[in-house]
Amino acid sequence: MPTAPGAGATTIALLLSSLIARERRRPGLLISASSGPRSAADLLPYSASAAEMPAARAPRTVAQAIEALGNSPDGLLSCLRLPEGSDNPDALMRSWTRAQHDYLRFFDTAVTETGNAGALGPALLDLHRRHHSTILVSPAQRASMDRGRDLAARLLGEARGKRGALLHVVVATRPGYPLVPEPGAGESLVPFDHSLAGGGGSASAPGLLDPLTSRVIADVAATSISGCIAALSRRSRRALASERGLGGSDQLLPSIGKVSP
């Protein structure tokens, strides 16, 4: 989620979805909910539009989902364009919920690209709660970085108890070291990279990036996946506790079992 225009959020979404799908060798889905004009769906020639997908013909298998959406030449990444952007948050959430119901279960991972976080309104918190990991993307400017930090603090407060990763990625959009505060916990600084200059998505694979940029992107991807694992692990423990009829005062700890106060 970009906290300001031109933050590089589309580039981050493209790189993360590509890297995760290729490393895991399992199909990934990139949901493009940005109105563009250079959204992920605009940049990927194999993207499909949700507006052209009839609800009555929702896929029932992985093969049907990939056939309906199309995929990258290596067969690992699909992209679905949502018809609404951040200028219509209610309609955006309805489209995203439909995509979640019809397609997400067929993919190993899913990355959602959105428009400016400030324009999402209530949909911002809703999307944060529905994703295992949330990444705020700010340009490497002091005011924008502070705004991103304030937004992260607000999400942490309003979604108290949510498990998963909340990351703040700060992107240098011009040469030289940016005059911004040192990254804190949960923050990463993506250095200026000439292979990405001039528009998000100009690098088709993380291997084309400078080594430092590649390491930062890989670290963000690993932290995001760790957040997913943490959230899913908690959900699994809750489901197991429910099946065993444990009360609210009991806990299930991994590899330990039932623990009473």
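These numbers come from a predicted model, not from an experiment.
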Co-membership, hydrophobic cluster, residues Val171 and Met145, 4.5 Å side-chain: no

Main-chain N/O of Leu166 paired to Thr134 side chain as donor or acceptor, under 3.5 Å: no

His128 and Glu158, any side-chain heavy atoms less than 4.5 Å apart: no

Validation row: Leu77, Arg22 side chains within 4.5 angstrom (heavy atoms): no

Closest non-hydrogen atom pair between Ser144 and Thr3, with its separation: O-OG1, 4.1 Å

Side chain to side chain donor-acceptor pair (under 3.5 Å) evaluation trace for Thr97 with Arg130: CA-CA 10 Å; Thr97 301; Arg130 294 186 185 212; 2.8 Å; yes

Flag side-chain contact, heavy atom, 4.5 Å: Leu167 against Ser224: yes

Path from Val180 to Phe192 over hydrophobic side-chain contacts below 4.5 Å: no

Nearest heavy atoms of Thr10 and Glu113, plus distance in Å: OG1-OE2, 2.6 Å

Any donor-acceptor pair under 3.5 Å from Asp193 side chain to Asp210 backbone: yes

Single-linkage hydrophobic cluster, 4.5 Å side-chain cutoff, Leu80 and Met93 together: yes

Sub-4.5 Å side-chain heavy-atom contact between Thr114 and Leu120: yes

Intermediate values then yes/no, side-chain contact (heavy atoms from CB on, under 4.5 Å), Glu187 and Arg149: CA-CA 9 Å; Glu187 291 185 317; Arg149 286 177 166 179; 2.8 Å; yes

Considering all heavy atoms, the nearest Leu104-Ala110 contact: CG-CB, 4.1 Å

Given His168, Met1, Arg147, the one that forms side-chain contact (heavy atoms from CB on, under 4.5 Å) with Ser138: His168

Value rounded to 0.5 Å, distance of CD in Gln100 from CZ in Arg105: 10.5 Å

Within-4.5 Å side-chain heavy-atom neighbours: Val111 and Leu29: no

Heavy-atom closest contact (Phe107 atom, Ala65 atom, distance): CE1-CB, 4.3 Å

Gap between atom CG of Asp108 and atom CG of Leu76 - 0.5 Å precision: 10.0 Å

Ring-ring centroid check Trp96 His101, cutoff 6.0 Å: no

Salt bridge Asp102-Arg98, side-chain N to carboxylate O under 4.0 Å: yes

hydrophobic_cluster_shared for Leu136 and Leu92, side chain cutoff 4.5 Å: yes

N-O pairing of Arg81 and Asp42 below 4.0 Å: yes

Side-chain touch Arg154/Leu124, heavy atoms, less than 4.5 angstrom: yes

Donor-acceptor pair, side chain of Ser47 and main chain of Leu44, under 3.5 angstrom: yes

Enclosure of Gln141 CD (heavy-atom neighbours >12, cutoff 6.0 Å): yes

Path from Val137 to Leu189 over hydrophobic side-chain contacts below 4.5 Å: no

Heavy-atom neighbours of Gln64 CD exceed 12 at 6.0 Å: yes

Shortest non-hydrogen contact between Leu82 and Ala50, atoms and distance: CD2-CB, 4.1 Å

Residue that, paired with Leu16, satisfies side-chain contact (heavy atoms from CB on, under 4.5 Å) out of Leu30, Ile135, Thr11, Ile225: Ile135

Heavy-atom closest pair, residues Ser78 and Leu69: CB-CB, 4.1 Å

Between CG on residue Leu19 and CZ on residue Arg24, distance to nearest 0.5 Å: 11.5 Å

Between OG on residue Ser32 and CG on residue Leu43, distance to nearest 0.5 Å: 8.5 Å

Ser34 vs Asn116 side-chain heavy atoms within contact, under 4.5 Å: no

Flag, side chain of Thr213 to backbone of Leu209, donor-acceptor distance under 3.5 Å: no

Minimum side-chain heavy-atom gap Ser95-Pro83 below 4.5 Å: yes

